[in-house]
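Below is one structure, written out as structure tokens, with a few remarks after it.
All heavy atoms count here, side chains included; hydrogens, waters and symmetry mates do not. Since the structure is predicted, the reported quantities are computational estimates derived from the model, not experimental observations. Chain naming here is simple, since letters A, B, ... match the order of the sequence lines and numbering starts at 1 in each.
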2 protein chains.
Amino acid sequence: MKPTDAELEILHVLWTNGPSTVRQVHDALSQSRDLGYTTALKLMQIMVEKGLLTREEDARSHTYTAAVSEEATQQGLVDRFVETAFRGSASKLVMQVLGQHKASREELDEIKLLLDHLNRPDDPA
Amino acid sequence: MKPTDAELEILHVLWTNGPSTVRQVHDALSQSRDLGYTTALKLMQIMVEKGLLTREEDARSHTYTAAVSEEATQQGLVDRFVETAFRGSASKLVMQVLGQHKASREELDEIKLLLDHLNRPDDPA
DNA sequence: TGTTTACTACGAAATTATTCGTAGATGAAT
DNA sequence: ATTCATCTACGAATAATTTCGTAGTAAACA
């Protein structure tokens with residue numbers, strides 16, 4: 001339930017491209033870094049054991065699908081991260097991120113909008 | 001420059017309590033989890049090698065001090081986390097955090113205030 | 001049909017992180 | 001001075017992650 005870094009890379013490929021073979025995942029990951037084919041295979045086999053992926057064995061080359069959603073996974077990662085890196089203070093994390101202007105103005109507006117809603121859950125608007 | 005989980009725990013103690021001996025750090029950590037004294041010692045020795053801590057050897061029991069600031073460390077952790085978990089989208093991370101109401105209303109207000117400033121850097125106020 | 005190619009299975013090496021035991025030294029207490 | 005408590009140093013076991021090589025199998029093809 002707590003994917004490692006390498007596992008996250010694979011999940012991202014599957015979340016983005018949908019169900020894929022080892023070959024397809026390996027091709028995608030190879031564009032950004034060096035990675036043996038059998039390494040990708042082994043990782044994906046382990047991920048099936050862990051329940052992170054499911055596997056269709058129809059054809060000769062199996063097709064893998066993410067068994068966990070991107071949202072749920074990221075939520076788990078964030079929870080853990082807030083605990084370990086920010087001693088549980090989610091707002092400190094947000095402040096740290098926003099203070100580093102890694103988000104565009106449009107993104108900031110979007111966030112502000114969300115905050116308005118959160119601040120006034122009883123607001124009719 | 002990239003502290004592990006155990007190292008972060010120790011850094012948090014030093015950031016909070018200031019320069020401390022292994023004994024003091026161990027006592028602090030023991031309150032929340034099981035940890036051998038020599039484990040804490042070993043970790044702190046390694047952290048000195050890595051440059052995460054400095055050590056005063058005046059007395060018999062050495063005094064350790066955090067050699068990295070909390071802000072800089074958290075910034076590094078956030079950068080890395082945004083990359084691995086959110087493929088570089090800082091705003092997605094923020095949305096995920098805020099959507100889970102882990103922050104109090106006061107904290108949300110504080111964040112909103114910061115956002116206002118970020119949105120209008122040319123604002124005289 | 002025989003050869004090449006592409007795939008899976010799996011063992012195991014390499015790396016990193018965490019853990020603790022033991023040994024040795026130094027200071028405190030009796 | 002001898003004993004006891006406390007400290008550092010350090011080797012090494014354990015665990016988790018990442019990596020890849022080799023072997024076996026089956027499809028594709030010449």
Side-chain angles (χ1 to χ4, degrees), chain A residues 1-14 19-65 68 73 76-77 80-81 83-85, chain B residues 1-14 19-65 68 73 76-77 80-81 83-85:
Chain A
M1 260 307 184
K2 183 197 57 168
T4 65
D5 284 359
E7 288 170 348
L8 254 186
E9 288 184 316
I10 289 171
L11 282 173
H12 273 294
V13 172
L14 295 177
S20 311
T21 63
V22 175
R23 174 64 54 193
Q24 292 169 321
V25 170
H26 177 254
D27 286 351
L29 292 181
S30 292
Q31 296 189 337
S32 47
R33 74 181 183 97
D34 238 24
L35 182 77
Y37 176 85
T38 56
T39 303
L41 170 66
K42 179 70 164 184
L43 282 171
M44 291 169 75
Q45 285 172 342
I46 291 172
M47 290 172 77
V48 170
E49 282 176 24
K50 291 188 182 176
L52 293 171
L53 307 182
T54 59
R55 172 166 66 179
E56 289 288 329
E57 304 194 4
D58 302 335
R60 184 149 92 90
S61 63
H62 306 166
T63 297
Y64 293 78
T65 306
V68 293
T73 302
L77 290 170
R80 183 177 145 72
F81 183 68
E83 276 312 312
T84 60
Chain B
M1 261 308 186
K2 185 197 55 171
T4 66
D5 285 359
E7 289 171 348
L8 256 185
E9 288 184 317
I10 290 171
L11 282 173
H12 273 295
V13 172
L14 295 178
S20 311
T21 63
V22 174
R23 174 64 53 193
Q24 292 170 322
V25 169
H26 177 254
D27 285 352
L29 292 182
S30 292
Q31 296 189 338
S32 47
R33 74 181 183 98
D34 237 25
L35 181 77
Y37 176 84
T38 57
T39 303
L41 171 65
K42 179 72 164 185
L43 282 171
M44 292 169 76
Q45 285 172 343
I46 291 173
M47 291 172 76
V48 170
E49 284 175 23
K50 290 187 182 177
L52 293 172
L53 307 183
T54 58
R55 172 167 65 179
E56 289 286 331
E57 304 193 5
D58 302 335
R60 183 151 93 92
S61 64
H62 305 165
T63 297
Y64 293 78
T65 306
V68 293
T73 302
L77 290 170
R80 183 177 146 72
F81 182 68
E83 276 312 311
T84 61

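- dT18(D) atom P lies 6 Å from atom CD of Glu7(A), rounded to whole Å.
- The shortest distance between side-chain heavy atoms of Leu53(B) and Thr65(B) does not fall below 4.5 Å.
- Between Ile46(A) atom CD1 and dT17(D) atom P there is a gap of 9 Å when expressed in whole angstrom units.
- Looking at heavy-atom distances under 4.0 Å, Thr4(A) makes contact with sugar-phosphate atoms alone, never a base.
- As rounded to whole Å, 14 Å separates atom P of dA27(D) from atom CG of Asp58(A).
- Between Phe81(A) and Phe81(B), the ring planes are parallel. Angles under 30° get that label, and only those over 60° would be called perpendicular.
- Each of Lys50(B) and Gly36(B) was matched to the nucleotide of DNA chain C holding its nearest heavy atom; the match closer to the 5' end belongs to Lys50(B).
- Rounding to whole angstrom units, CG of residue Asp34(B) and P of dT18(C) are separated by 16 Å.
- The CD atom of Glu49(B) sits 14 Å away from the P atom of dT16(C) (whole-angstrom rounding).
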Margin query: Does the protein touch nucleotides 5-12 of chain D at the base, only the backbone, or not at all? Give it as B, S and - per nucleotide, heavy atoms under 4.0 Å.
Written below: -BSBBBBB
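- Remark: C1' of dA16(D) and CG of Leu52(A) are 15 Å apart, rounded to the nearest angstrom.
- In this structure, the side chain of Thr39(A) does not engage the main chain of Leu35(A) through any donor-acceptor pair within 3.5 Å.
- Note: CE (Met44(B)) to C1' (dC20(C)) measures 17 Å, nearest angstrom.
- Between Tyr37(A) and Arg23(A) there is a side-chain heavy-atom pair separated by less than 4.5 Å.
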Only distances under 3.5 Å count here; give the side-chain donor-acceptor pairs of residues 1-9 of chain A to other protein atoms, sequence neighbours excluded, each with its distance to 0.1 Å.
| from | atom 1 | to | atom 2 | distance (Å) |
| --- | --- | --- | --- | --- |
| Thr4(A) | OG1 | Glu7(A) | N | 3.4 |
| Asp5(A) | OD2 | Arg80(B) | NH2 | 2.7 |
| Glu7(A) | OE1 | Thr4(A) | N | 2.8 |
| Glu7(A) | OE2 | Lys50(A) | NZ | 2.8 |
| Glu9(A) | OE1 | Arg33(A) | NE | 3.0 |
| Glu9(A) | OE1 | Arg33(A) | NH2 | 3.0 |
| Glu9(A) | OE2 | Arg33(A) | NE | 3.2 |

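- Atom pair Lys2(A):NZ and dA17(C):C1' shows a separation of 12 Å (rounding to whole Å applied).
- Under a 3.5 Å cut-off, the side chain of Thr38(B) and the backbone N or O of Leu41(B) do not form any donor-acceptor pair.
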